[in-house]
There are 2 protein chains.
Amino acid sequence: MNDATANSHAKILEVAEALYARRGFAGVGMRELAEAAGLGKSSLFHHFRSKVQLYLAVVERVLARVEERVQPILTAHAPAAERLDRWIDALVDAFAEQPASARLLLRALFEEDEFDAADWPEGQAAERRLANVLDGITRLLQQGMRAGEFRAASAPHVVQTLIGATIYHFASGEIGERLLGGPLLSAEAVRARKAEMKQFLHYGLAARPASSDEGGQS
Amino acid sequence: MNDATANSHAKILEVAEALYARRGFAGVGMRELAEAAGLGKSSLFHHFRSKVQLYLAVVERVLARVEERVQPILTAHAPAAERLDRWIDALVDAFAEQPASARLLLRALFEEDEFDAADWPEGQAAERRLANVLDGITRLLQQGMRAGEFRAASAPHVVQTLIGATIYHFASGEIGERLLGGPLLSAEAVRARKAEMKQFLHYGLAARPASSDEGGQS
DNA sequence: TCTGGCTCCGACCGATCGGTCGGGCGGCAG
DNA sequence: CTGCCGCCCGACCGATCGGTCGGAGCCAGA
């Protein structure tokens, strides 16, 4: 694979990521995509066997970037609670730097059955990456619960909310800014988001049972 | 409009909501939709002028259901903090009862430019509903801040996270259940979610700056 | 200079897209 | 019974869909 090939390949992925993030898999045609990449439509099929393969490659690339940021933290030498803090930092950073990723990922998570079972012979690469990330954070939670750092009952709940809120936040675009009354991506906003997430984390994971209203009020 | 017409109309909207929620606007064709509704394709165009109009009608119906649940609470006689609690309850209930709504709404929020500016002459009904809901919660926040019930700086942030996390949660389907290790929609899960959201709310809006980790632990 | 292998392209394929058209059918007012 | 009107349909339209094919241009090794 020489430079020209690699360049076209990368250019296609780049352009495709932007377009798929904006209008989704079904909403973007190969013609439009080719034109945006400065190629003929046939050339796309030289680099990727089919539209589905191209889309999966795009999703996989996004997940790979996230994984690369987030996964090394899991094995660090530190208490689970601190690793979880850093994990959140990394996740927020990853999305803040490339907000299109958040949109694409949000769509992709809900498009599973947009072409399910079909073609897609061994496109599991993307799925494997997603499973890696989810399994990683799940294991981290279990470690924290075993070590008594987290409240067992609500840990998955809290992290689920955390991930959802983060992805949603950076994907929300103008709607989010309208409610927020300010920019989503300024350095300050990113810092504020990290702080908010960590507060939520510590509150949700470490606080006393606090299950609504019964509690051991002796 | 006699009964038969009304029935077809409603049936179409119902079927369309389910399909659009699963595969998005561009992913569902009028043929498929007609077949699912038990009609000929031409008949769809008798009830709705175009595909875009049908889609907007579906989105508007979803937003109307949410608005209907959520809006009356704003004018109740109660402290802002309590109204916000009830607002969250209503939002969670609305999505929990019809989880397809959450998916559709999540997609719709990010599909604005899927057909932007185009056809769509006066389809603002959906947009108006959305603006109503967002303005309503924004006003409630302002009331709470003026009354000193909320911390002014972070209120919009917190509510943005709240809405995002709630929609994401109920839209997340199997991916969410995988991370959670259990069902999303059981009565217990819904209760737990409400509790979690309210905790987050009170912590985020009312607590002291709460710089992470000091705490009274002697 | 010839040759094999790449990257790329224009032209073309059958299928499907959103949308239109003319008419069939049934109930209801006259 | 007749005429009209609202609901529905099959057949059809041009445009676009994802994908294929044969070859043009180019560079490397002989």
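The sequence lines fix the lettering, A, B, ..., with proteins before strands; numbering per chain opens at 1. Values in this document were obtained by computation on a predicted structure and should not be read as measured data. Atom set for the values below is all heavy atoms of this structure, side chains included, hydrogens, waters and symmetry mates excluded.
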Proximity to the side chain of Ser8(A) - top-ranked nucleotide from dG18(D), dG18(C), dC8(C):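 Per side-chain heavy atoms of Ser8(A), the pick is dC8(C).
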Measure from the side-chain heavy atoms of Ser42(B) and tell me the nearest of dC8(C), dC21(D), dC9(D).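 That would be dC9(D).
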For dC8(D), take OP1 and OP2 only and decide whether either is under 4.0 Å from a side-chain N or O of His47(B).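 Yes, because at least one side-chain N or O of His47(B) sits under 4.0 Å from OP1 or OP2 of dC8(D).
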Write down the distance between [atom1] ([X]) and [atom2] ([N]), rounded to a whole number of angstrom.
| X | N | atom1 | atom2 | value |
| --- | --- | --- | --- | --- |
| Phe45(B) | dG18(C) | CZ | C1' | 5 Å |
| Tyr55(B) | dG18(C) | OH | P | 14 Å |
| Met30(B) | dT16(C) | CE | P | 18 Å |
| His46(A) | dG25(D) | NE2 | C1' | 14 Å |
| Glu32(A) | dA15(D) | CD | C1' | 15 Å |
| Leu39(A) | dA24(D) | CG | C1' | 16 Å |
| Tyr20(A) | dG18(D) | OH | C1' | 10 Å |
| Glu35(B) | dC9(D) | CD | P | 12 Å |

In Å, rounded to the nearest 0.5 Å, how long is the span from CD of Glu14(A) to CG of Leu19(A)?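 Result: 11.5 Å between the selected atoms.
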Reported CD-to-CG distance for the pair Gln160(A) and Leu141(A), which is rounded to 0.5 angstrom: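 The CD atom of Gln160(A) sits 11.5 Å away from the CG atom of Leu141(A).
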5' precedence on DNA chain C between Ser43(A) and Arg31(A) (nearest-nucleotide basis):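 It is Ser43(A) whose nearest nucleotide is closer to the 5' end.
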Is Glu68(B) salt-bridged to Arg61(B), cutoff N-O under 4.0 Å?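 Between Arg61(B) and Glu68(B) there is no salt bridge, as every charged N stays at least 4.0 Å from the carboxylate O atoms.
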Looking only at non-hydrogen atoms, find the nearest pair between Thr166(B) and Leu162(B) and report the distance.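 Scanning both residues completely, I find the closest heavy atoms to be OG1-O, 2.7 Å.
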